[in-house]
Amino acid sequence: MRHSLAEKLTASEVDLLSPMLYRNGNTWTAEFRGLVLSTALQPIYSISHKRTVGYEALIRAQDPDNASVLPIHLFELPTSDAEALLLDRLCRYLHIQNYSGSEDQLNWLFLNVSPRVVTSGSQTDSFFGELLAKTKLPPHRIVIEIVEQPTDDADRLRETVAYYKQLGCLTAIDDFGAGHSNFERIWNLSPDIVKLDRTLLVRATDDHKARQILNGIVSLLHQSGCLVLLEGVETIDQAMIAIDAGVDFVQGFYFCRPSTDLAQLCNAPTDFDQLLQEYKARHQITRDPTRQLVEFFQRDFHKATEQLQSGATMAKACTTLLAHHMVSRCYLADDKGVQIEDTLISDTGTRSLDPRFKPLEHTSKADWYRQQYLRQALAQPGDLHVTAPYLCVTGAYMCVTLSLCFTHGSELHVLCCDIIANPPTLSVTPG
């Protein structure tokens, strides 16, 4: 390919690329710097729908000896921004030409756009609109993927994303969770889909805390109005993590490898019924441990509140609760959520105290109203409530809180009890 061709390329010159594409049976290939380029597609699945909802287009390159050339080496070949722009457009042209002729006339095509191209050259890629018109592929079937990395021109990136949205395409942030990821990019670009990087999944496979963080990230992205795709799923355990995290879409070798045999992709074997049955079986083996806590502590809690109603001190009323080896502390709050007196610390709680967090220990007159366990108890007096495990602000350790609202004279009080959590299970065996 001559360098002058790259320099002459402009946004409206779709036809300049057409001579670089060749029909090869039922598919198309392209040439670039003596290399033969072809399209590989990898299915993307919706867990809830239990089927394919899209394909990511990946470029494959071979030299004249039919040896594979890695994509990273292919994209290092351009020597100018103009040539990089040409290669980016050639790849997209090739992918769309192949996909527009496929039997699948419903699902999405995920296309990568080079950040180097997005933030250089013309402010909008009008070439792409003309390409869709030429191939007659509806823009709503295209998902434009932008790699998550810093850019020197945030305004240019925002304008480019806005252009694709105006065309009617969906947009996605790729590789979120790796390198320079941050939620500011999500807020600025408002993508339709966020693709989580495989590194998050790898960490979550061996680290329970990383798994909780993954679940939290998915929840935050959903609250931001984004659908979430987890890529790089390679084992059944990672598939279980993806399902449990609540992601919408999955992609990876466990389900299907990328293939240049585009005609056979629709026949890729993926049994989501069996996968989801396995997930349900794993989660039905044990009961919810927090509900077990309610059942175990219910009698002692009601006994404590009855003694408080009769005028007993907190220390006396909570003697039985504080004697349990899992209980770390008990405290009382009024109907405004303000703690009435200082916290009672059990022997277990005393052993768990970390001197580094000593400034947080004293909680007399602390206001707990913003805590869900306090408001929930006030809304349903007489019922014992329990939280999911969370980080206790008074000692920076994981705990669950039991809370029960009762009448004390003419006022409502809430008795609270923190129990040390030991993920993934909680033992309620008396010690």
- [ ] Could you check Asn98 against Thr39 for side chain to side chain donor-acceptor pair (under 3.5 Å), going step by step and ending with a plain yes or no?
- [x] CA-CA 7 Å; Asn98 277 314; Thr39 296; 2.9 Å; yes

TODO: Show the numbers, then the answer: is there a side chain to side chain donor-acceptor pair (under 3.5 Å) between His222 and Asp248?
DONE: CA-CA 10 Å; His222 280 157; Asp248 304 286; 2.8 Å; yes

Open item on the list: For a side chain to side chain contact (heavy atoms under 4.5 Å, CB included) check, start with the C-alpha distance between Leu74 and Phe32, then their side-chain angles and the critical distance, and finish with the verdict.
Closed with: CA-CA 9 Å; Leu74 169 66; Phe32 180 79; 4.0 Å; yes

Under 3.5 Å, is there a donor-acceptor pair linking the side chains of [X] and [Y]?
X: His362; Y: Asp342; result: yes
X: Thr401; Y: Tyr390; result: yes
X: Thr199; Y: Asp197; result: yes

Could you tell me whether a side-chain N or O of [X] sits under 3.5 Å from a main-chain N or O of [Y], the two making a donor and an acceptor?
X: Ser259; Y: Asp261; result: yes
X: Thr52; Y: Gly54; result: no
X: Thr363; Y: Ala366; result: no
X: Asp418; Y: Cys399; result: no
X: Thr135; Y: Ile96; result: no
X: Thr343; Y: Tyr331; result: no
X: His408; Y: Leu308; result: yes
X: Gln309; Y: Thr407; result: yes
X: Ser102; Y: Tyr99; result: yes
X: Glu278; Y: Gln274; result: no

Is the closest side-chain heavy-atom distance between [X] and [Y] below 4.5 Å?
X: Thr171; Y: Leu189; value: no
X: His324; Y: Phe296; value: yes
X: Thr313; Y: Lys316; value: yes
X: Leu94; Y: Ile59; value: yes
X: Leu17; Y: Leu86; value: yes
X: Leu229; Y: Val247; value: no
X: Leu201; Y: Leu196; value: no
X: Arg51; Y: Asn107; value: yes

Looking only at heavy atoms, what is the nearest atom pair of [X] and [Y], with distance?
X: Leu41; Y: Ala57; value: CD2-CA, 3.7 Å
X: Lys165; Y: Pro191; value: NZ-N, 4.3 Å
X: Phe255; Y: Ala239; value: CZ-CB, 4.3 Å
X: Pro258; Y: Gln42; value: CD-NE2, 3.7 Å
X: Ala304; Y: Ala317; value: CB-O, 3.3 Å
X: Asn112; Y: Asp88; value: O-OD1, 4.1 Å

TODO: Please step through side chain to side chain contact (heavy atoms under 4.5 Å, CB included) for the pair Leu402 and Tyr373, ending with a clear verdict.
DONE: CA-CA 7 Å; Leu402 291 164; Tyr373 62 79; over 6 Å; no

Are there over 12 heavy-atom neighbours, none belonging to [X], within less than 6.0 Å of that residue's [atom1]?
X: Arg375; atom1: CZ; value: yes
X: Ile72; atom1: CD1; value: no
X: Glu184; atom1: CD; value: no

salt_bridge([X], [Y]) N-O dist < 4.0 Å:
X: Glu234; Y: Arg198; answer: yes
X: Asp206; Y: Arg211; answer: no
X: Lys195; Y: Asp175; answer: no
X: Lys303; Y: Glu306; answer: no

TODO: Kindly determine whether Gln339 and Asp367 satisfy side chain to side chain donor-acceptor pair (under 3.5 Å), including the steps that lead there.
DONE: CA-CA 6 Å; Gln339 189 165 324; Asp367 193 326; over 6 Å; no

Open item on the list: Does Phe128 form a side chain to side chain contact (heavy atoms under 4.5 Å, CB included) with Tyr93? I'd like the steps, not just the answer.
Closed with: CA-CA 9 Å; Phe128 194 67; Tyr93 193 166; over 6 Å; no

Nearest 0.5 Å, what's the [atom1]-[atom2] distance between [X] and [Y]?
X: Leu131; Y: Arg89; atom1: CG; atom2: CZ; result: 10.0 Å
X: Thr305; Y: Leu384; atom1: OG1; atom2: CG; result: 9.5 Å
X: Cys405; Y: Leu378; atom1: SG; atom2: CG; result: 5.0 Å
X: Phe176; Y: Ile193; atom1: CZ; atom2: CD1; result: 15.0 Å
X: His140; Y: Cys169; atom1: NE2; atom2: SG; result: 10.0 Å
X: Ser100; Y: His95; atom1: OG; atom2: NE2; result: 12.5 Å

Open item on the list: Checking side chain to side chain contact (heavy atoms under 4.5 Å, CB included) between Pro389 and each of Ile420, Val400, Ile419, which is the one that passes?
Closed with: Val400

- [ ] Measure from NZ or CZ of Arg282 to the centre of the six-membered ring of Tyr279, then state whether that distance is under 6.0 Å and the direction lies within 45° of the axis.
- [x] no

Task: Qualifying residue for ring pair (Phe, Tyr, Trp, His ring centres under 6.0 Å) with Tyr45, from Tyr254, Phe249, Phe272, Trp108 - done: Phe272

TODO: Assess whether side chain to side chain donor-acceptor pair (under 3.5 Å) is satisfied between Ser68 and Gln62, documenting all intermediate values.
DONE: CA-CA 4 Å; Ser68 296; Gln62 290 183 308; 4.6 Å; no

Task: Stepwise side chain to side chain contact (heavy atoms under 4.5 Å, CB included) test for Leu170 and Ile142 - done: CA-CA 6 Å; Leu170 289 85; Ile142 300 291; over 6 Å; no

Open item on the list: Using ring pair (Phe, Tyr, Trp, His ring centres under 6.0 Å), reason through Tyr55 and Phe110 one step at a time and then give a plain yes or no.
Closed with: CA-CA 6 Å; Tyr55 302 89; Phe110 285 68; 9.4 Å; no

